[in-house]
Structures are given as C-alpha cells and as structure tokens.
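These notes concern the structure reproduced below.
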Amino acid sequence: MLEKIQEAVDFIKSKTNLEPDYGVILGTGLGGLVDEILVSDEIDYKDIPHFPLSTVEFHSGKLIFGLLAGKPVVTMKGRFHYYEGYSMKEVTFPIRVMKLLGIKKLFVSNAAGTLNPDYELSDLMILNDHINLLPENPLVGKNIDELGDRFPDMSEPYDRTLIKKALSVAKENSIAAHEGVYVAVSGPNLETPAEYKYLRIIGADAVGMSTVPEVLVARQMEVPVFAISVMTDYGVPGKIEKIQIEKIIAAAMKAEPGMTKIIMELIASD
Ligand code: HPA
C-alpha cells in the first residue's frame with residue numbers, strides 16, 4: 001500500500017508546486033469553503049493513480065490546492081463513503097496521501113442527524129469524541145509501521161486546542177455551535193426511531209455516515225484533527241420526519257457560512 005500512496009503523491013507533486021500544511025475534507029452540501037480558496041491547482045480524483053472515484057452525484061470529486069486565509073491547503077471536494085461500496089482502505093486512501101503531501105492538521109466537515117434535543121437544524125456541532133459503529137475498520141490488516149502504530153491511541157481523537165478556539169470563534173460571530181459526540185453508522189438507510197433512541201442512549205449527540213474512518217487513519221499518523229458537523233435532520237423523538245435529501249442539503253448550505261468562518265479562522269490563526 002505504501003507504494004500506491006507514494007505513486008499518488010508523486011503524481012500530485014508533478015501537477016502542483018503547492019505544499020499544503022492543512023488538509024480539508026468538505027462534506028455533503030458544504031462545498032462553499034472552496035470559494036474562499038485562492039486556487040492554484042485542481043486535480044480530478046479520476047486522474048490520480050489508485051484514487052477511488054467519487055460516485056455521489058453532487059460531489060465533483062477533486063483535490064483543490066491553494067491558499068485559504070493565506071495558508072497552503074489541500075481540499076477534498078467530495079469524499080468517499082463506505083455506503084457507496086468502497087472498502088475502508090479506499091475511503092481513507094486520500095488521508096494517507098495528504099499526510100505524505102505534508103499536511104500538519106486535518107479539518108473535516110459532515111452533515112449529520114441530531115440526537116441531542118437541545119440542537120436545532122443547521123446548528124453546528126464541533127466533535128469532541130466519537131463512537132465507531134461502522135462494520136469495518138480501516139486499520140485492520142497488516143500494519144504499515146512507517147505510517148503509524150499497530151494499536152493507535154485514541155485518548156484525544158479531536159484536538160482540544162482547536163475545539164476551544166472554534167467555540168470562541170463561534171461565540172464571537174454569533175454562530176450556533178455546540179460541542180458533542182458523533183456516532184458513525186454505515187447507512188445508507190437513515191435510522192429508525194428506535195435506532196435514533198439507541199444512539200442517543202449510548203452517548204451520541206449526532207449521527208452520520210462518514211468522518212470516523214478518516215479520523216482513525218489521521219490519528220494513527222498523529223495528525224491533529226478538527227471535525228465539525230452540521231445538523232441536517234432530527235433524530236429526536238417527536239421531531240423525526242420522513243427524510244428528503246434536498247432538505248438535508250438545504251440545512252447544510254444554511255450553515256455553510258458559519259462553518260466556513262470557523263475553519264478559516266482556525267487556519268488563519270494557526
Ligand atoms: N443519520 C445518519 N446519517 C445522516 C443523517 C442521519 O439522520 N443525517 C445526515 N447524515
């Protein structure tokens with residue numbers, strides 16, 4: 001696998017001179033941050049050796065290199081989900097590539113259902129922990145010792161300093177943001193009312209179908225992570241509605257300026 005990662009890295013380096021310090025993954029309906037990037041290069045996933053292809057139609061699937069708040073970033077516009085049929089190794093391949101490209105921190109966004117009755121639609125939740133209910137783990141298999149430990153520590157999955165800073169940026173800018181626990185499930189179906197209740201009881205504030213695999217791999221490589229969810233639908237008893245993907249995207253887009261502001265400020269002041 002190390003060779004495949006290196007081939008992807010070599011290809012990318014032949015296409016851009018930008019050396020990113022930060023990696024950013026944009027979730028469903030959250031592509032707007034790209035407009036803030038002074039873009040130097042764009043590389044389609046389909047051109048990168050060993051990269052999986054993005055199949056979700058509203059994801060255009062490319063790596064965008066440029067300056068965000070004056071700092072060099074690589075942004076994944078479109079991510080890979082387990083429910084699309086990719087293996088966990090495929091889902092997390094780009095994280096390995098970003099690390100070898102030199103990123104020092106990873107920023108992740110996603111759309112999630114809220115389990116916490118105090119959260120409203122389009123509120124943001126800054127992840128301070130997660131619960132992994134995905135049926136596969138990207139770290140299973142022969143360990144590549146050059147990339148990290150066999151038994152990686154997860155005592156601080158999300159960087160506490162970044163969480164603190166993000167909460168103060170949110171407060172200063174009157175952005176509705178909470179701190180909470182994300183639970184990852186495989187999807188693609190949404191949860192039944194009993195499942196939402198169960199996820200709440202086991203300690204989660206929001207549920208989604210992404211992020212955790214990428215975080216596990218980043219943390220194995222000792223990359224500090226910041227992750228943020230936008231609440232796009234209710235998994236709270238009495239508030240659960242029939243799901244409409246358009247509504248999810250609309251709720252995410254409404255929260256996009258706040259999310260963009262937080263990530264930009266964190267990178268600008270880093
Ligand atoms: N459940 C799982 N994943 C999701 C949800 C949800 O309610 N909303 C957005 N992604």
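Counting convention: from 1, in listed order, for ligands and their atoms alike.
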Open item on the list: Counting only heavy atoms from other residues, nucleotides and ligands, does the tally under 6.0 Å from CD of Glu136 exceed 12?
Closed with: yes

TODO: Please indicate whether Lys104 has more than 12 foreign heavy atoms, meaning atoms of other residues, nucleotides or ligands, lying under 6.0 Å from its NZ.
DONE: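 Result for NZ/Lys104: enclosed.
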
Open item on the list: Using 0.5 Å steps for rounding, measure from the CZ atom of Phe80 to the CD atom of Glu214.
Closed with: 10.0 Å

Open item on the list: Show me the pairs that pass ring-ring contact (aromatic ring centres under 6.0 Å, His included) and involve residues 114-162, at least two apart or across chains.
Closed with: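 For residues 114-162, and leaving out neighbouring residues, the ring-ring contact (aromatic ring centres under 6.0 Å, His included) pairs sorted by first residue read Tyr119-His178, His130-Tyr158.
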
- [ ] Could you tell me whether the side chain of Arg200 and the main chain of Ala204 form a donor-acceptor pair under 3.5 Å?
- [x] yes

Task: Linked, directly or transitively: Leu106 and Ile163 (ILVMFWY side chains, under 4.5 Å) - done: yes

Tabulating one pair per line, provide the atom names and distances (0.1 Å) for every N/O atom of ligand 1 that is less than 3.5 Å from a protein N/O atom.
residue	atom	partner	partner atom	Å
ligand 1	1 (N)	Glu191	OE1	2.6
ligand 1	7 (O)	Tyr196	OH	2.7
ligand 1	7 (O)	Asp233	OD2	2.5
ligand 1	8 (N)	Gly113	N	3.2
ligand 1	8 (N)	Asp233	OD1	2.6
ligand 1	10 (N)	Ala111	O	3.4

